[in-house]
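To start, the structure under review is shown below, and the notes come after it.
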Amino acid sequence: MKTSNYLSILALAFSVSAYAQDKEQPATNPRNTNPEAIVATVNGVEIKKGQLDQAFEQNLMFVSDKIVTKEKVLNDIINREIGIKKAKEAKLQDDPIVKSKMEDVLYHAQISKDLEKKLQGIQVSDKEAQDYYAKNKEYRTAHILFRVRVAPDKAEVEEAMKKSLEVYKQLQSKPQQWPELANKYSQSSTAPAAGDLGYLPAIKYAPEYFRAINGKANGYISPPTRTQFGYHIIKVLGVKEWKEVDPALYKKIVYDQKRDKILEEYFADARKGAKITVNKEWLK
């Protein structure tokens with residue numbers, strides 16, 4: 001979720017841009033500068049010049065494979081008004097899915113209203129990005145995955161764990177068999193490539209997966225590690241140093257962490273004024 005400047009993005013999403021240019025009117029005509037001038041009406045709804053000017057400018061901010069003209073943008077607004085009228089006649093605003101999406105918009109708009117200034121003030125230094133990377137390096141790994149379903153039964157989990165331990169024992173005595181065993185047993189699309197996942201930042205790994213490899217040397221093979229996907233046997237194939245990675249990526253990661261901290265503090269404060277009851281027995 002990109003909360004910063006969300007309201008402007010929201011305005012674009014829910015007011016399709018448009019603008020009408022009357023070629024027969026001279027540039028000095030007052031109507032050309034009057035934001036209240038009515039450019040078109042759709043089923044009784046007026047489209048004013050000020051609305052169209054703003055929407056047209058917003059459209060010009062984004063790259064498109066179509067030329068942005070005032071006539072095209074006006075047609076977009078007309079189409080939008082027709083669609084809204086049809087939706088209201090069908091009472092789509094009462095549809096549960098539509099209501100849920102409308103509530104999502106309200107949720108994000110409220111956060112933007114309350115936190116936009118704080119989020120715009122986030123700064124990330126080079127040192128902060130390097131300090132983060134020192135603890136969260138970019139590893140190249142391969143894995144042999146024994147899958148379990150999202151909601152597995154006990155027997156399925158036990159079978160996956162048993163098979164993963166058997167393969168791990170084979171690798172302990174004959175690590176050179178990794179490509180063969182990965183191709184044979186791994187239930188992953190990377191199996192034909194010996195399970196190679198390439199280099200990935202820490203945030204792309206499941207937390208348990210990254211903990212199993214963090215700080216380990218090339219060639220290290222982990223015991224079976226459980227994630228939400230199943231049991232992984234993981235092999236470390238490489239690790240990048242700071243000079244080899246994209247600093248902008250890690251500045252963005254640190255930015256996201258700072259943003260998330262602001263959001264956590266915001267909701268921790270908001271929860272103090274809310275009446276909340278949690279039945280923890282249903283969380284087990």
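From a predicted model like this one, the values you see are computed outputs, not experimental measurements.
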4.5 Å side-chain heavy-atom contact, Gln170 and Gln177: yes

Working for salt bridge (Lys or Arg N to Asp or Glu O under 4.0 Å), residues Asp95 and Lys99: CA-CA 6 Å; Asp95 181 274; Lys99 289 177 74 173; over 6 Å; no

Single-linkage hydrophobic cluster, 4.5 Å side-chain cutoff, Tyr255 and Tyr133 together: yes

CD1 (Ile67) with more than 12 external heavy atoms under 6.0 Å: no

Verdict with supporting geometry, Met102 and Val98, side-chain contact (heavy atoms from CB on, under 4.5 Å): CA-CA 6 Å; Met102 290 170 65; Val98 175; 3.9 Å; yes

Donor-acceptor pairs under 3.5 Å, side chain of residues 148-163 to any protein atom, not counting sequence neighbours: which ones?
| unit_1 | atom_1 | unit_2 | atom_2 | d |
| --- | --- | --- | --- | --- |
| Arg149 | NE | Glu156 | OE1 | 2.8 |
| Arg149 | NH2 | Glu156 | OE1 | 2.9 |
| Asp153 | OD1 | Ala155 | N | 3.3 |
| Asp153 | OD1 | Glu156 | N | 2.8 |
| Glu156 | OE2 | Arg149 | N | 2.8 |
| Lys163 | NZ | Glu166 | OE1 | 3.4 |

Backbone N/O of Leu171 and side chain of Trp178: donor-acceptor pair under 3.5 Å: no

Side-chain donor/acceptor of Glu138 to backbone N/O of Leu200, under 3.5 Å: no

Table please: side-chain donor-acceptor pairs of residues 213-240 below 3.5 Å, with sequence neighbours left out.
| unit_1 | atom_1 | unit_2 | atom_2 | d |
| --- | --- | --- | --- | --- |
| Asn214 | ND2 | Lys135 | O | 3.2 |
| Asn218 | OD1 | Gly238 | N | 3.3 |
| Ser222 | OG | Ile234 | N | 3.0 |
| Thr225 | OG1 | Pro223 | O | 3.2 |
| Thr227 | OG1 | Phe229 | N | 3.1 |
| Thr227 | OG1 | His232 | NE2 | 2.7 |
| His232 | ND1 | His143 | ND1 | 3.0 |

Donor-acceptor contact below 3.5 Å, side chain Thr41 vs main chain Gly44: no

Atom pair CG/CD1 of Asn136 and Ile203 - distance to nearest 0.5 Å: 9.5 Å

Contact check, side chains of Ile122 and Ile262, non-hydrogen atoms, under 4.5 Å: yes

Salt bridge flag under 4.0 Å for residues Lys252 and Asp256: yes

Atom CD of Glu244: over 12 foreign heavy atoms under 6.0 Å: yes

Heavy-atom side-chain proximity of Tyr250 to Ile253 below 4.5 angstrom: yes

Nearest heavy atoms of Phe267 and Ile111, plus distance in Å: CZ-CD1, 3.8 Å

Check: Ser188/Thr190 side-chain N/O donor and acceptor closer than 3.5 Å: yes

Nearest atoms (heavy-atom pairs only) where Pro192 meets Ser189: CD-O, 3.4 Å

Minimal non-hydrogen separation, Ala191 against Ala182, with atom names: CB-O, 3.6 Å

Val45-Ile77 co-clustered via ILVMFWY side chain contacts under 4.5 Å: no

Shortest non-hydrogen contact between Tyr205 and Gly198, atoms and distance: OH-O, 3.9 Å

Stepwise side-chain contact (heavy atoms from CB on, under 4.5 Å) test for Ile47 and Leu74: CA-CA 9 Å; Ile47 301 173; Leu74 174 59; 4.2 Å; yes

From CD (Glu81) to CD (Glu46), nearest 0.5 Å: 11.0 Å

Flag side-chain contact, heavy atom, 4.5 Å: Tyr132 against Gln130: no

4.5 Å side-chain heavy-atom contact, Tyr199 and Thr141: no

More than 12 heavy atoms of other groups within 6.0 Å of Leu106 CG: yes

Hydrophobic cluster identity match, Tyr107 and Tyr266, side-chain contacts under 4.5 Å: yes

Nearest heavy atoms of Leu197 and Tyr209, plus distance in Å: CD1-OH, 3.3 Å

Show every donor-acceptor pair shorter than 3.5 Å between a side-chain atom in residues 83-93 and any protein atom, with sequence neighbours excluded, or say none if there are none.
| unit_1 | atom_1 | unit_2 | atom_2 | d |
| --- | --- | --- | --- | --- |
| Lys85 | NZ | Glu89 | OE2 | 2.4 |

Lys127 vs Asp131, salt bridge (Lys or Arg N to Asp or Glu O under 4.0 Å): CA-CA, chis, key distance, verdict: CA-CA 6 Å; Lys127 185 177 184 305; Asp131 288 347; 2.8 Å; yes

Euclidean distance, Glu71 CD relative to Thr69 OG1, rounded to 0.5 Å: 6.0 Å

Side-chain touch Leu52/Phe56, heavy atoms, less than 4.5 angstrom: no

Check: Glu128 main-chain N/O paired with Ser125 side-chain donor or acceptor under 3.5 Å: yes

Hydrophobic cluster identity match, Trp242 and Leu249, side-chain contacts under 4.5 Å: yes

Main-chain N/O of Asn75 paired to Asn79 side chain as donor or acceptor, under 3.5 Å: yes

Check: Phe146 and Ile144 side chains under 4.5 Å, non-hydrogen atoms: yes

Cluster overlap Val39 with Val42, hydrophobic side-chain contacts below 4.5 Å: yes

Heavy-atom side-chain contact between Arg140 and Asp196 under 4.5 Å: yes

Gln54 (side chain) donor-acceptor with Gln51 (main chain) under 3.5 angstrom: no

Pairwise distance NZ(Lys169) to NZ(Lys174) - rounded to 0.5 angstrom: 16.0 Å

